[in-house]
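These notes concern the structure reproduced below.
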Amino acid sequence: MISTGQKIATQLIDRSRLVDTDLENIKFGRVFSDHMFVMDFLDGEWKEPVIKPFADMRISPAALVLHYSQTIFEGLKAYRTEDGAVNLFRPQANIARMNRSAERMCMPTIPEDLFLDALVQLVKLDMGWIPKGPDAALYIRPFMFASDEYIGVRPSDGYRFIIFTCPVRAYYAEPVRVKVETHYSRAFPGGTGEAKCGGNYAGGLYPAKKGAEEGFHQLIWTDGLSHKFIEESGTMNVFFNIDGNLITPALDGSILRGVTRDSIIRIANDQGIKVEERQVSVEEIHLAARNGRLRSAFGAGTAATIAQIASITFGDEEFSLPSVDERLLTNSIGETLDGIRRGRVADPYGWLVPVV
Ligand SMILES: *Cc1c(COP(=O)(O)O)cnc(C)c1O
């Protein structure tokens, strides 16, 4: 492992909670592994990195984050291979993105080697929490928040950075029903759409709830200015298969730079599948759906990997997309991506970082 200036102290849990946990039956995001990494930013520097038991913590009611949402997060996974090795998938990409989010939100960046060291040590310690099975993984949640006890609007001086992990299984089992949202916005030019910051998600809850009341699992967000161009699907990037070509909205500053998105584009290119990264108009997708040229559509993100879209609604017109068996193109990309992560397929990209 790369050595860091700072050594991470470790306080082990007295008695692992693993023995009381049924890893075969877990709900996404509700079960937490034994340990967490914690580090505070005080007086202009990161201090006392430590791995300790996952537990509640004290926070002032006046902590800046609770009022003005100066907080960012990441999501990545560790996978177990068939021969028992454990790897992180592209952690450097998440570290770089977290540091870009930090800059946008006036927060301190985290030294990359220390961040990676913390991920590796934490996962190594709690790798017994990775469930067995083809769809299992350890979801890793790094996040940082403003901790100053102060209720004026300004960047905090103090911050806390934490990483904890969750054993997980498949996220969306069933293909989802989505609608194209042309009233509410998730992001807009000059806003914080590209940062993985808490406020983006809070703002999306109401429109998503309205959509859920109409029976939709997800919204397809459109641009905040004209609502004529497609941006993302819920909390995932979105891809469309039109006539066997993959099309995805280009990164324009308000779309989150997904690691899954990038991985899919690279695998597709190497499989000879054409991927167009460009502006994608609602009209184009609507027309392709009408003409039967829209063969499939899916959301892409770490939590779900590839979430197939079963139907897509424009206004009051709903279009069903072909059944799973016909989604050959997506299947070949998805299987390669999953194969690399689980060590079944060689990793020509250097995406895996071994933990053990
Ligand atoms: C995290 C996230 C994604 C997916 O990013 P991955 O790195 O692939 O997990 C896409 N859109 C939004 C809004 C996100 O928060």
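Both ligands and their constituent atoms are indexed starting at 1 by order of listing.
- For the pair Phe41/Asp157, no side-chain contact is recorded, criterion being any heavy-atom separation below 4.5 Å from C-beta on.
- Under the 4.5 angstrom side-chain criterion for Ile, Leu, Val, Met, Phe, Trp and Tyr, the cluster partners of Val153 are Leu64, Tyr68, Tyr150, Ile151.
- Taking 4.0 Å as the cut-off between side-chain N and carboxylate O, Glu181 and Lys210 do not count as a salt-bridged pair.
- The side-chain tip of Arg342 does not point at the ring of Tyr79 from less than 6.0 angstrom away and within 45° of straight on.
- The aromatic ring centroids of Phe164 and His35 lie 6.0 Å or more from each other.
- Heavy atoms only, all atoms of each residue included: Met39 and Leu114 are closest at SD-CD2, 3.4 Å.
- Ordered by chain and residue number, the residues placing a heavy atom less than 4.0 Å from ligand 1 are Arg97, Arg186, Lys196, Tyr201, Glu232, Thr235, Met236, Asn237, Leu256, Gly258, Val259, Thr260, Gly301, Thr302.
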